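Some notes on the structure that comes next.
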Amino acid sequence: EGEDANEDGFDIDGGFGSMDDDDFDDDDIDEDAVLPGYALAEDYVEGEEELAALDALNAMFDEEEEEDSLADKRRARKKSGPPAIICARCFALRTSGKVKNEAVEVLLPSFDFERVIGDSFAKLRAPGSAVVLLMADLLDFDGSFPVDALDVIEPYVESGVVDVLLVANKVDLMPVQCTRTRLTSFVRRRSKAFGLSRVAGVHLVSAKAGMGVAILAEQLEQMLDRGKEVYVVGAQNAGKSSLINRLSQRYGGPGEEDGGPIASVLPGTTLGMVKLPALLPNGTDVYDTPGLLQPFQLSSRLNAEEMKVVLPNKRVTPRTYRIEIGGTLHIGGLCRIDLLDSPQRTLYLTVWASNKVATHYTTSSKTADVLLEKHAGTKLTPPVGELRVKQFGAWGHRTLNVYGEDWQKATRDITIAGLGWVSVGCNGNASFRVWTHEGVQVETREALIPDMDKALMSPGFSFENVGGSGSARKPNDRANRQRGR
């Protein structure tokens with residue numbers, strides 16, 4: 001083989017031949033020789049003509065629709081200015097959603113909100129000198145409301161130096177039972193209960209989908225005179241950076257993909273206060289503040305994989321259970337609720353959490369510990385994996401007494417910060433034992449959503465049996481007779 005091969009290494013008969021390096025001589029190369037069926041590119045010009053030809057080829061496959069003005073602005077901006085330079089940490093977050101080195105994250109300094117923001121506000125004198133966009137997550141309103149930040153801001157609110165616009169985010173993920181009027185009223189009452197004395201407006205938005213941002217922008221335009229500043233304040237994962245990107249794009253500024261703030265599920269993405277000059281009309285500067293860590297939120301203890309389970313990506317739906325006295329309801333591997341006492345033999349619990357978080361109901365709490373030990377980290381997630389279960393450690397518990405006013409609808413909620421809430425439907429006083437990890441905030445409040453799902457869940461895992469055959473009839477007094485009352 002190779003006896004009939006030419007010096008280019010090709011067999012004359014069309015196959016590959018062998019070539020010895022010692023037989024190769026540059027002087028033997030005929031630069032004008034071509035294979036049959038080929039021709040020399042005599043006038044090949046590299047550069048503009050090549051690019052023009054490539055553009056003509058690409059144009060054959062381009063869509064005929066005109067690109068919107070926002071995309072044109074971004075392209076023009078990229079063409080005219082130098083490319084954005086970002087650090088390796090930001091690049092990793094922007095492209096993969098993960099930090100470059102998790103071990104180094106614990107060494108980063110924490111943001112001193114009281115010192116940095118307090119010093120900035122102390123320099124303000126005139127009424128309405130600044131506007132604060134105070135953000136909270138509607139799906140975890142009590143857990144995400146920045147109470148520590150409010151302690152710093154409230155004196156300036158009372159004096160009139162700072163105006164507050166309360167921005168409740170993720171309205172697109174709220175259940176269909178939530179009307180705008182109901183949500184707005186709830187947000188006002190809860191923020192007042194937390195100590196916010198005065199708000200210039202309440203806005204229900206979806207920073208990710210863009211819902212409600214136009215109305216918010218209109219009020220901002222009315223409030224912003226030249227020289228005013230805007231501060232965006234909120235807990236981690238409240239959606240601050242996403243909102244800033246939406247506002248920026250509205251006025252022709254950069255989005256996340258071309259230099260705007262990075263939105264990530266990871267806490268601590270923004271390390272310090274970032275000034276975004278002249279981002280809003282009238283040359284208004286915007287200050288993006290780091291997400292405030294709320295250690296009492298379960299979500300603050302989760303890794304990126306677990307956060308994707310707890311944070312919903314579509315509208316939350318109700319899971320209603322008819323719970324007997326002695327029954328137990330698990331919410332993932334993060335929380336368990338035992339019914340200790342009830343005005344009737346049964347009552348109704350409706351779970352409002354990410355649909356990806358599995359729930360499990362059993363009529364007896366005797367096997368609850370065995371169930372958790374067997375399925376935590378696998379069927380009951382988060383946590384995800386046996387190692388993470390061990391890292392979270394053992395649960396603690398507290399007893400809650402809830403007085404309900406109607407068995408046909410929920411009048412009280414049990415909130416688990418960073419996870420969701422459970423609404424209670426009963427007529428009278430009920431007693432619960434709530435199990436979760438130490439330091440997690442568990443509170444009761446007025447019911448956000450009184451509605452219950454008509455199709456009751458059956459005992460077992462939520463992903464295995466949805467909509468059981470349980471009766472929806474009113475709990476009767478027979479339970480009292482069975483208990484000797």
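These values consider heavy atoms only, across backbone and side chains, with no hydrogens, waters or symmetry-generated copies. Computed from a predicted structure; not experimentally measured.
- Applying the ring-ring contact (aromatic ring centres under 6.0 Å, His included) rule to Y321 yields the partners Y361; only residues at least two apart in sequence or on another chain are considered.
- Contact check for I215 versus Q219: no side-chain heavy atoms found under the 4.5 Å cut-off.
- Pairs engaging residues 168-179 under the side chain to side chain donor-acceptor pair (under 3.5 Å) rule: D137-K170, D172-S206 [sequence neighbours left out].
- Nearest heavy-atom pair, V164 versus R198, reported as atom, atom and distance to 0.1 Å: CB-O, 4.2 Å.
- Applying the ring-ring contact (aromatic ring centres under 6.0 Å, His included) criterion to Y403, with sequence neighbours excluded, gives no partner residue.
- No side-chain donor-acceptor contact under 3.5 Å links Q344 to the backbone of C426.
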Do Q236 and L293 pass the side chain to side chain contact (heavy atoms under 4.5 Å, CB included) test, and can you show the C-alpha distance, the side-chain angles, and the key distance before you say yes or no?
CA-CA 6 Å; Q236 61 184 16; L293 296 178; 2.8 Å; yes
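- Qualifying side-chain contact (heavy atoms from CB on, under 4.5 Å) partners for D406, counting only residues two or more places apart in sequence or in other chains: Q408, K409, T411.
- L247 is not listed as a side-chain neighbour of V286, based on a closest heavy-atom distance of 4.5 Å or more.
- With sequence neighbours left out, the side chain to side chain donor-acceptor pair (under 3.5 Å) criterion links S197 to E154.
- Annotation: side chain to side chain donor-acceptor pair (under 3.5 Å) contacts of E386 (sequence neighbours excluded): none.
- No donor-acceptor contact under 3.5 angstrom links the side chains of D142 and Q441, judged on distance only.
- Screening residues 329-340 for side chain to side chain donor-acceptor pair (under 3.5 Å) gives T328-D338, R336-D338, R336-D369, D338-W435 as the qualifying pairs, with residues at least two apart or on separate chains.
- Distance alone, capped at 3.5 Å, is enough to place a donor-acceptor pair between the E306 side chain and the N303 backbone.
- A pairwise comparison of heavy atoms in S300 and Q294 identifies OG-O, 3.4 Å as the closest pair.
- Between F432 and V422 the shortest side-chain heavy-atom distance does not fall below 4.5 Å.
- Under the 3.5 Å distance criterion, the side-chain polar atoms of T350 are left unmatched by any main-chain donor or acceptor of S423.
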Assess whether side chain to side chain contact (heavy atoms under 4.5 Å, CB included) is satisfied between N237 and M307, documenting all intermediate values.
CA-CA 10 Å; N237 293 316; M307 288 293 287; 2.8 Å; yes
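- No donor-acceptor pair under 3.5 Å is formed between the side chain of R315 and the backbone N or O of L173.
- For H203, the ring-ring contact (aromatic ring centres under 6.0 Å, His included) test picks out no residue, with sequence neighbours left out.
- Side-chain polar atoms of S185 and R189 form a donor-acceptor pair below 3.5 angstrom.
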Side-chain atoms of residues 273-284: list all donor-acceptor pairs with protein atoms under 3.5 Å, sequence neighbours left out, distances to 0.1 Å.
| residue | atom | partner | partner atom | Å |
| --- | --- | --- | --- | --- |
| N282 | ND2 | L224 | O | 2.7 |
| T284 | OG1 | P281 | O | 2.8 |

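- With sequence neighbours excluded, the residues forming a side chain to side chain donor-acceptor pair (under 3.5 Å) with N401 are S431, listed by chain and number.
- The two residues A217 and Y251 make their nearest non-hydrogen contact at CB-OH, 3.5 Å.
- Residues D413 and E446 come closest through the heavy atom pair OD2-O, 3.4 Å.
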Counting only pairs under 3.5 Å, give me each side-chain donor-acceptor contact of residues 117-133, with atom names and distances, residues two or more places apart or in other chains.
| residue | atom | partner | partner atom | Å |
| --- | --- | --- | --- | --- |
| S120 | OG | V116 | O | 3.1 |
| R125 | NH1 | A122 | O | 2.4 |
| S129 | OG | A126 | N | 3.3 |
| S129 | OG | A126 | O | 2.4 |

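- Counting only heavy atoms from C-beta outward, the side chains of V233 and L292 approach each other to under 4.5 Å.
- By the 6.0 Å contact criterion, CZ on R180 is open, its count of non-hydrogen atoms from other residues, nucleotides or ligands being 12 or less.
- The aromatic rings of F141 and F145 lie tilted to each other, with the angle between the two planes from 30° to 60°.
- Relative to the ring axis of F194, R190 places its NZ or CZ within 45° and under 6.0 Å from the centre.
- Residue-environment remark: NZ (K356) exceeds the threshold of 12 foreign heavy atoms within 6.0 Å.
- Y231 pairs by the side chain to side chain donor-acceptor pair (under 3.5 Å) definition with E229, not counting sequence neighbours.
- Without hydrogens or angle criteria, R398 side chain to V442 main chain gives a donor-acceptor distance under 3.5 Å.
- Looking at heavy atoms from C-beta onward, L134 lies in side-chain contact with P146 at the 4.5 angstrom threshold.
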